[in-house]
Amino acid sequence: MWLFIQNQILGMNWLNEWVGTLLSLLGLDLESRLGGSLQFFIYDVIKITILLCVLIFLISYTQSYFPPERSRKILSRFDGLTANIISALLGTVTPFCSCSSIPLFMGFTSAGLPVGVTFSFLISSPMVDLGSLVLLMSIFGSKVAIVYVIFGLVIAVVGGGIIEKLGMEKYVEDFVKNAQLSNIESECLLQSDRLLFSKEQVAETLKKVFPYILVGVGIGAFIHNWIPENWVASVLGSDNPFGVVLATLIGIPMYADIFGSIPIAEALLGRGAQLGTVLSFMMAVTTLSFPSLIMLKRAVKPQLLATFIIICTIGIILVGYIFNILQTVIS
């Protein structure tokens with residue numbers, strides 16, 4: 001039953017077969033590079049778009065019960081490591097890209113929450129949201145998805161804890177500390193308001209994310225059918241001990257969310273890259289993209305920004321190597 005859910009409902013293998021049948025009827029050879037690329041592109045774009053709309057609607061509906069002020073009240077009840085854990089878990093029900101999480105991070109910081117707690121939220125939000133868990137299951141299976149989320153939460157909790165221990169509060173810009181947090185109680189929303197909010201979030205997020213899905217799937221289709229398998233394996237496979245480091249550094253300049261990065265990771269894995277290497281690439285793309293770092297630079301001083309980048313980079317690289325070691329166990 002679980003394999004059916006993973007392959008036919010989440011993975012939509014039936015859709016891949018339909019796309020292949022349609023292209024064959026149009027006279028395309030699916031074994032050719034062009035035919036294989038078109039099948040990969042059309043199938044992945046449709047599948048990811050469907051999952052994206054369903055997941056955003058469900059997650060946005062959940063978010064309607066947790067506006068910023070209510071989330072702040074929840075976090076303020078805890079302190080120490082517990083606060084970091086709760087903050088990281090709260091990040092799993094927030095928007096998908098790092099840029100969307102920074103305004104909430106700023107709001108929580110201005111509300112007086114410890115900077116380490118808010119950074120646990122900022123790390124976990126783009127890296128391990130609920131959408132990533134479902135989509136990872138559809139591509140890599142449940143074991144890989146669950147371990148990925150666990151490691152992502154560990155990076156968020158440990159990273160926030162380190163920032164707290166280093167006393168980095170003084171490196172937050174003054175305008176962030178003095179900003180006001182919006183106070184909209186979720187109890188004021190009617191059921192129709194929540195449904196409307198969820199629909200609006202689907203439309204808004206799809207409009208923002210869809211171009212990156214097209215780019216990500218396009219790159220994935222190119223890698224999957226045009227890049228020689230032995231070349232990918234030699235650069236990102238087990239024979240290259242620096243493959244994880246290279247994949248992480250390649251991922252940082254890119255900007256995409258989990259939905260744009262997974263097709264690239266899927267194609268790399270299919271061409272011989274190691275599992276931990278492609279997952280490190282995904283983590284770097286979603287957590288340390290240049291646009292999000294530019295936004296964060298406006299809110300924090302260089303010392304805190306550098307600490308955040310170093311902690312996340314080291315954590316992502318370590319997770320990649322651990323995944324590579326465990327690859328035969330969890331895949």
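Just so you know, these numbers use all the heavy atoms, side chains as well, and skip hydrogens, waters and symmetry mates. Treat the numbers as computed from the prediction; the structure is a model and nothing was measured.
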message: Looking at every non-hydrogen atom in both residues, tell me the closest pair between Leu236 and Ala247 and how far apart they are.
response: CD2-CB, 4.3 Å

message: Under 3.5 Å, is there a donor on one side chain and an acceptor on the other for Tyr61 and Gln191?
response: yes

message: Are the side chains of Val115 and Leu304 in contact, using a 4.5 Å heavy-atom criterion?
response: yes

message: Measuring from atom OG1 of Thr277 to atom CG of Asn240, what distance do you get when rounded to the nearest 0.5 angstrom?
response: 8.0 Å

query: Among the clusters formed by ILVMFWY side chains lying less than 4.5 Å apart, do Phe197 and Val202 turn up in the same one?
result: no

field: Side chain to side chain, Tyr43 and Asn13, heavy atoms closer than 4.5 Å
entry: yes

message: Nearest 0.5 Å, please: how far is CD1 in Ile311 from CG in Leu166?
response: 6.5 Å

Heavy-atom side-chain proximity of Leu296 to Leu122 below 4.5 angstrom: yes

- prompt: So which heavy atom on Leu206 is nearest to which on Cys53, and how close?
  reply: CD2-SG, 4.0 Å

task: Give the minimum heavy-atom separation between Ala88 and Leu153, together with the two atoms involved.
output: O-CD2, 3.7 Å

task: Return the set of residues passing side-chain hydrogen bond (donor to acceptor under 3.5 Å, both in side chains) with Ser120 (not counting sequence neighbours), or none when no residue passes.
output: Asn84

task: Please identify each residue that fulfils side-chain hydrogen bond (donor to acceptor under 3.5 Å, both in side chains) with Trp18, with sequence neighbours left out.
output: none

- request: Supply the atom-to-atom distance Phe210 CZ to Ile48 CD1, rounded to the nearest 0.5 angstrom.
  value: 10.0 Å

Validation row: Gln201, Phe57 side chains within 4.5 angstrom (heavy atoms): no

field: Side chain to side chain, Ile42 and Leu23, heavy atoms closer than 4.5 Å
entry: yes

message: Quick one: does any side-chain atom of Ser87 pair with a main-chain N or O of Val117 as donor and acceptor, under 3.5 Å?
response: yes

query: Is it true that Leu34 and Val19 fall in one hydrophobic cluster, defined by side-chain heavy atoms closer than 4.5 Å?
result: yes

- prompt: Any sub-3.5 Å donor-acceptor pair from Ser24's side-chain atoms to Gly20's backbone N or O?
  reply: yes

Gap between atom OG1 of Thr313 and atom CE of Met283 - 0.5 Å precision: 12.5 Å

message: Minimum heavy-atom separation for Pro263 and Phe40, please, with both atom names.
response: O-CZ, 3.9 Å

message: Let me check something: do Ile316 and Ile146 share a hydrophobic cluster, defined by ILVMFWY side-chain heavy atoms less than 4.5 Å apart, either directly or through other members?
response: yes

message: Pair Tyr321, Ile317 - check side chain to side chain contact (heavy atoms under 4.5 Å, CB included), show working.
response: CA-CA 6 Å; Tyr321 282 115; Ile317 290 173; 3.5 Å; yes

- prompt: Shared ILVMFWY cluster between Phe242 and Met282, side chains joined below 4.5 angstrom?
  reply: no

- prompt: Can you check whether Phe140 and Tyr148 have ring centres sitting under 6.0 Å from each other?
  reply: no

Contact list for residues 44-62, test salt bridge (Lys or Arg N to Asp or Glu O under 4.0 Å), sequence neighbours left out: Asp44-Lys47

query: Does NZ in Lys297 sit with more than 12 non-hydrogen atoms of other residues, nucleotides or ligands closer than 6.0 Å?
result: no

- prompt: Pairs in or reaching into residues 298-317: which pass ring pair (Phe, Tyr, Trp, His ring centres under 6.0 Å), with residues at least two apart or in two chains?
  reply: Phe119-Phe308

query: Rounded to the nearest 0.5 Å, what separation is found between the CG atom of Leu268 and the CG atom of Leu279?
result: 11.0 Å

- prompt: Taking all non-hydrogen atoms of both residues, which atom of Ala145 and which atom of Leu136 are closest, and how far apart?
  reply: CB-CB, 3.7 Å

field: Set of residues satisfying side-chain hydrogen bond (donor to acceptor under 3.5 Å, both in side chains) with respect to Asn16, sequence neighbours excluded
entry: Gln39

query: Taking C-beta and beyond as the side chain, do Val300 and Glu173 meet within less than 4.5 Å on heavy atoms?
result: no

statement: Here the pair of heavy atoms bringing Pro114 nearest to Glu164 is CB-OE1, 3.3 Å

message: Do Val319 and Phe323 have side chains that approach each other closer than 4.5 Å (heavy atoms only, starting at C-beta)?
response: yes

statement: The reported gap from CH2 in Trp226 to CZ in Arg271 (rounded to nearest 0.5 angstrom) is 12.0 Å

- prompt: Which hydrophobic side chains are connected to Leu318, either touching it within the sub-4.5 Å cutoff or through other members that do?
  reply: Ile310, Ile314

